[in-house]
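Reading through the structure tokens given below for one structure.
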Amino acid sequence: MDYLYNECDRVGLKIYLFIDEYDHFTNNILSDAARLKEYQGETHGTGYLRTFFDTIKAGTYSSIERVFITGVSPVTLDDLTSGFNIGTNYSLAKGFNEMVGFTEQEVREMLTYYSQYYEFNHTIDELIEIMKPYYDNYCFALKAYGETTMYNSNMVLSFLYKYIDEGCELPQQMLEDNIRVDYNKLRMLIRKDKEFAHDASIIQTLVSKGYVVGELKEGFPAEDIANNSNFLSLLYYFGMVTIGGFYRGKPRFVIPNEVVREQVYSYLLDNYHDNQLYTDMDELSRLEENMAYDGEFKPFFQFIADSIYTFASQRDRQKGESFVHGYTLALTSLCCYYRPISELDNQNGYADVFLRPRCEIYKDMEHSYIIELKYLKNQASKAEVEAAVSQAEAQVCRYAETVNVNDNIGHTTLHKVYVVYRGVEMVACDEVQ
């Protein structure tokens with residue numbers, strides 16, 4: 001590099017230097033806590049990366065005119081500032097909000113273009129309606145919130161390729177495997193959520209409440225990556241949460257879409273499995289099929305309840321409602337026949353889980369469900385259980401009458417189901433006729 005920029009300077013040429021995935025090695029190293037010293041050696045003192053950026057910095061005084069650096073995590077930015085302190089961080093700048101990803105208008109233009117050359121079986125509006133909950137809703141700048149949302153470009157292109165390749169039929173899987181692998185790189189970083197095992201866990205809060213509130217940081221040193229105060233920012237930069245408004249002056253973060261929600265729930269299940277909360281996925285899949293085609297929902301929820309009761313650790317039991325709710329959501333998220341919507345917002349309140357049928361894929365499925373999940377403490381009396389059942393029956397009936405639900409059940413029969421737990425024991429599961 002030193003030779004190159006000096007030679008360019010000698011002949012009067014200017015260099016525009018692009019560095020992509022500058023943090024690739026960093027993310028690999030930081031996923032293994034034992035390699036943190038290796039990272040520090042590369043980015044401090046006479047380490048290779050530190051020296052490399054020192055060389056680039058020296059070149060900016062001669063032939064290196066501009067340097068544009070892109071990556072994912074913000075950890076190395078802080079570590080390199082003393083060696084490369086002439087850069088400006090535009091990661092959270094409003095003017096760059098629409099730089100990465102597609103706006104809905106751009107997606108529509110793309111679909112319109114390809115519809116001229118292929119016989120689409122769906123209108124542009126229908127495809128947008130299908131894609132939006134899975135791929136949209138990213139916001140990359142606090143000051144841009146409320147103006148527009150961005151679609152994940154990789155996911156959109158993957159969907160469009162499969163749609164055309166499969167004769168303009170909807171793909172069964174909305175998440176491409178190569179995208180799933182990208183998210184799996186987060187597994188070890190998510191393990192660094194030290195509070196995962198406690199009520200204050202960011203992951204648990206995301207699942208049980210649907211949002212978290214915190215500070216968005218532009219950068220931090222690698223040795224601080226495991227700090228609780230930085231974990232939320234890591235989730236944001238890796239696309240696991242996005243800006244979803246403000247609460248009491250602080251940014252509010254939400255899971256952006258259903259593809260990411262599936263990943264978050266998968267990580268949650270992995271953590272449960274690491275704690276011996278085992279799930280027979282083949283059996284769960286069979287029960288789900290029976291629920292979708294035969295209306296047999298009780299065995300599905302009994303399976304979940306048995307898993308919770310049999311394998312839940314003492315720490316899980318102490319979490320109470322957040323654990324029961326989170327584990328139920330995590331398992332229902334793996335349903336291929338449904339798109340689970342947690343805390344469905346409607347004019348009459350919130351339903352815990354609406355299992356929206358994927359009729360566009362499984363055209364012959366017959367049943368959909370809206371579930372009211374109630375949790376009582378271990379000491380709850382029989383009268384308290386009966387009161388919870390009565391309340392759940394009234395709530396699930398009210399939710400089932402909403403326009404939002406009726407517009408999303410297609411030709412299926414909607415079942416109004418309530419599930420009541422006392423501690424980690426399911427004490428009621430039935431349907432309101």
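The line from CZ of Phe102 to CG of Asn154 is 8.5 Å long, rounded to the nearest 0.5 Å. Interatomic distance, CD1 of Ile371 versus OG1 of Thr332, reported as 7.0 Å (0.5 Å rounding). Here the straight-line distance linking atom CD1 of Ile370 with atom CZ of Arg356 works out to 13.5 Å at 0.5 Å rounding. The CD1 atom of Ile130 lies 10.5 Å from the CZ atom of Arg339; values are rounded to the nearest 0.5 Å. Taken to the nearest 0.5 Å, the CG atom of Asn97 stands 10.5 Å off from the OG1 atom of Thr103. A distance of 12.0 Å separates SG in Cys359 from CG in Leu170, rounded to the nearest 0.5 Å.
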Derivation and outcome, side chain to side chain contact (heavy atoms under 4.5 Å, CB included), residues Val107 and Tyr135:
CA-CA 11 Å; Val107 176; Tyr135 307 144; over 6 Å; no

Starting from the C-alpha separation in whole Å, work towards a yes-or-no answer on salt bridge (charged side-chain N to carboxylate O under 4.0 Å, His left out) for Glu147 and Lys94.
CA-CA 10 Å; Glu147 296 183 3; Lys94 180 180 179 181; 2.8 Å; yes

Trace of the side chain to side chain contact (heavy atoms under 4.5 Å, CB included) decision for Tyr399 with Phe354
CA-CA 10 Å; Tyr399 301 147; Phe354 171 47; over 6 Å; no

Evaluate the criterion side-chain hydrogen bond (donor to acceptor under 3.5 Å, both in side chains) for residue pair Tyr151 and Asn137; output intermediate values, then yes/no.
CA-CA 7 Å; Tyr151 284 71; Asn137 202 40; over 6 Å; no

Between Lys132 and Glu104, is the salt bridge (charged side-chain N to carboxylate O under 4.0 Å, His left out) condition met? List the steps.
CA-CA 9 Å; Lys132 189 176 183 64; Glu104 183 169 313; 3.2 Å; yes

Tell me, with the steps shown, if Leu127 and Arg108 meet side chain to side chain contact (heavy atoms under 4.5 Å, CB included).
CA-CA 9 Å; Leu127 290 175; Arg108 287 181 177 275; over 6 Å; no

Would you please test Gln302 and Met426 for side chain to side chain contact (heavy atoms under 4.5 Å, CB included) and show each step?
CA-CA 8 Å; Gln302 188 63 56; Met426 188 177 73; 3.2 Å; yes

Between Tyr90 and Phe96, does the ring-ring contact (aromatic ring centres under 6.0 Å, His included) criterion hold? Intermediate values first, please.
CA-CA 7 Å; Tyr90 290 106; Phe96 288 80; 4.9 Å; yes

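A pairwise comparison of heavy atoms in Leu414 and Ala400 identifies CD2-CB, 3.9 Å as the closest pair. Contact record, Met155 with Tyr134: SD-O, 4.1 Å, taken as the closest heavy-atom pair. When every heavy atom of Val396 is checked against every heavy atom of Val417, the shortest pair comes out as CG2-O, 3.7 Å. Nearest heavy-atom pair, Gln172 versus Ile361, reported as atom, atom and distance to 0.1 Å: CG-CG2, 3.7 Å. Shown here for Cys429 and Phe301, the closest heavy-atom pair between the two residues is SG-CB, 4.0 Å. Nearest approach of Ala144 to Cys139, heavy atoms of both residues: C-SG, 4.1 Å.
With sequence neighbours left out, Gln105 forms a side chain to side chain donor-acceptor pair (under 3.5 Å) with Glu109.
Note: Phe297 and His367 fail the aromatic proximity criterion, with ring centroids not under 6.0 Å apart. Note: Tyr337 and Tyr362 meet the aromatic proximity criterion, with ring centroids under 6.0 Å apart. The aromatic ring centres of Tyr421 and Tyr375 sit 6.0 Å or more apart. For Phe18 and Tyr16, the ring centers sit closer than 6.0 Å to each other. Checked against a 6.0 Å centroid threshold, the rings of Tyr163 and Phe120 count as neighbours.
No side-chain donor from either of Asp125 and Thr123 sits under 3.5 Å from a side-chain acceptor of the other. In this structure, a donor-acceptor pair under 3.5 Å is present between the side chains of Thr70 and Asp20.
Between Val420 and Leu376 the shortest side-chain heavy-atom distance falls below 4.5 Å. Between Ile19 and Ile56 the shortest side-chain heavy-atom distance falls below 4.5 Å. Side chains of His415 and Val432 form no contact here, defined as non-hydrogen atoms less than 4.5 Å apart. Within the 4.5 Å cutoff, the side chain of Val156 has heavy atoms near those of the Met131 side chain. A heavy-atom distance below 4.5 Å is not found between the side chains of Val419 and Thr328. Put simply, the side chain of Met110 reaches to within 4.5 Å of the side chain of Leu160, judged on heavy atoms. Side-chain contact between Ser307 and Tyr327 is present, with at least one heavy-atom pair separated by less than 4.5 Å. Counting only heavy atoms from C-beta outward, the side chains of Phe140 and Met99 never approach each other to under 4.5 Å.
Ring-plane geometry between Phe253 and Tyr236 is classed as perpendicular, the angle between the planes exceeding 60 degrees on a 0 to 90 degree scale with a lower cut at 30. Under the 30°/60° scheme for interplanar angles, the aromatic rings of Tyr211 and Tyr247 are found to be tilted.
A 6.0 Å sphere centred on CD of Gln116 holds more than 12 heavy atoms belonging to other residues, nucleotides or ligands. Within a 6.0 Å radius of OH in Tyr114, no more than 12 heavy atoms belonging to other residues, nucleotides or ligands are found. Within 6.0 Å of atom CD in Glu360, more than 12 heavy atoms from other residues, nucleotides or ligands are found, so the atom counts as buried in its surroundings.
Looking only at distances, no side-chain donor or acceptor of His122 sits under 3.5 Å from a matching main-chain atom of Glu169. In terms of modelled atom types and a separation under 3.5 Å, the side chain of Asn257 and the main chain of Asp136 share a donor-acceptor contact. Using modelled atom types, one side-chain atom of Ser233 and one backbone atom of Lys217 make a donor-acceptor pair closer than 3.5 Å. Under a 3.5 Å cut-off, the side chain of Ser285 and the backbone N or O of Asp282 do not form any donor-acceptor pair. Counting only distance, with no hydrogens or angles, the side chain of Glu384 and the backbone of Ser381 share a donor-acceptor pair below 3.5 Å. Between the side chain of Asn89 and the main chain of Ser91, a donor-acceptor pair closer than 3.5 Å is present.
Salt bridge status for Glu283 with Arg286: present, with a side-chain N to carboxylate O gap under 4.0 Å. A salt bridge links Lys374 with Glu372: the distance from a Lys NZ or Arg NE/NH1/NH2 to an Asp or Glu carboxylate oxygen falls below 4.0 Å. Glu393 and Lys416 are not joined by a salt bridge, as no carboxylate oxygen comes within less than 4.0 angstrom of a charged side-chain nitrogen.
Each of Leu216, Leu232, Val254 was compared with Val241 under the side-chain contact (heavy atoms from CB on, under 4.5 Å) criterion, and only Leu232 meets it.
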